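Comments concern the structure below.
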Amino acid sequence: MNRKKHWYDYLWIVTPIYLGLGFFNILFAWLGMIFFCLPLLIAIFGGSKLYCNRYCDRGQFLSLLGGRLKLSRNKPTPRWMRTKAFRYGFLVFFFLMFFQMLFTTYLVGAGAKDIGEFVKLFWTFQVPWHWAYHGTLFAPWVAQFAFGFYSIMLTSTLIGLIVMVLFKPRTWCVFCPMGTMTQLLCTLRSGKAPAEGCASCSGCRR
Amino acid sequence: MPSKRYAAVGKHCVACGCCVKVCPLSAISIWRGVIAQVDREKCVGCGKCARECPAGTIELRDREVGA
């Protein structure tokens with residue numbers, strides 16, 4: 001079945017463009033704040049996961065590679081990966097790493113630490129990335145944040161790609177921290193989800 | 001004549017919307033960003049959503065006789 005294509009069906013292109021721009025100039029990593037703020041704003045003020053459902057560039061990118069280009073094995077996501085414990089555990093871990101990155105940015109801003117011109121993959125491996133930093137008009141902490149943020153974006157994209165190949169195209173969505181967070185916000189806003197099987201009455205929509 | 005089976009969404013739904021995109025009859029929607037919801041009247045139990053679901057939380061169930 002061919003559905004009519006909309007402009008937002010092509011947002012997958014944003015992922016390679018974003019990562020590509022960060023390869024040449026790390027300051028472009030700041031654009032990633034859009035991917036952080038937009039889902040939260042939509043969940044808080046709109047009460048939906050419209051970002052995940054429609055506008056998520058990474059989700060579309062993984063669907064394209066795993067689905068249309070058939071790079072995914074299409075095997076079921078492991079049971080442990082689907083548990084709430086893993087989802088929320090990964091969210092907490094992600095936040096801890098995020099705050100550590102913010103602390104490093106603070107140290108650079110306070111002059112207690114030199115800027116680290118590298119990208120940290122999987123929160124462990126330091127990959128040289130000095131060519132993407134040319135010294136700018138901005139304060140060093142601005143670039144430090146960009147290096148840290150780009151590390152997070154690149155690492156999460158790589159994890160998404162790995163689980164896409166191993167399991168289903170969008171297995172990343174199962175434990176995506178942004179998805180978990182927005183679903184949590186929507187649940188807090190809307191209350192308990194309707195019991196399975198109530199769809200036919202649509203009473204919840206009135 | 002209604003189909004013998006229909007898709008049922010389990011509690012581990014992450015509301016990613018993958019099922020919505022593949023449903024040929026637009027029988028699935030996301031309820032307030034919390035969970036996918038299947039319109040049983042429209043669902044023909046083709047199973048496309050179950051195959052697509054990354055959380056593996058959609059299963060096909062038999063309709064009750066007379067339902």
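Please read all numbers here as calculations on a predicted model, not as lab measurements. A note on names: the letters A, B, ... follow the listed sequences, proteins ahead of strands, and every chain is numbered from 1.
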For A:E117, salt bridge (charged side-chain N to carboxylate O under 4.0 Å, His left out) partners two or more places apart: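 Counting only residues at least two positions away or on another chain, A:E117 forms no salt bridge (charged side-chain N to carboxylate O under 4.0 Å, His left out).
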Proximity of residues 49-66 of chain A to chain B, residues having a non-hydrogen atom under 4.5 angstrom: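 Listed by number: A:K49, A:C52, A:N53.
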Minimal non-hydrogen separation, A:R82 against B:H12, with atom names: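 Minimum heavy-atom contact is O-ND1, 3.8 Å.
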Heavy-atom pair with the smallest gap, counting every atom of A:T77 and B:P54: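 For A:T77 and B:P54, the tightest heavy-atom pair comes out as OG1-O, 2.6 Å.
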B:C16 portion near chain A, given a 4.5 angstrom heavy-atom threshold: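 Backbone plus side chain of B:C16, per the 4.5 Å heavy-atom cut-off to chain A.
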Contacting region of B:A50 [heavy-atom separation from chain A under 4.5 Å]: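 Backbone only.
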Flag if over 12 foreign heavy atoms under 6.0 Å of [atom1], [X]:
X	atom1	result
A:Y106	OH	no
A:Y8	OH	yes
A:F103	CZ	no
A:K70	NZ	no

Short side-chain to backbone donor-acceptor contact, A:K168 and B:R51, under 3.5 Å: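 Answer holds: yes.
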Part of A:R189 lying under 4.5 Å from any heavy atom of chain B: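 Contact with chain B is absent: no heavy atom of A:R189 under 4.5 Å.
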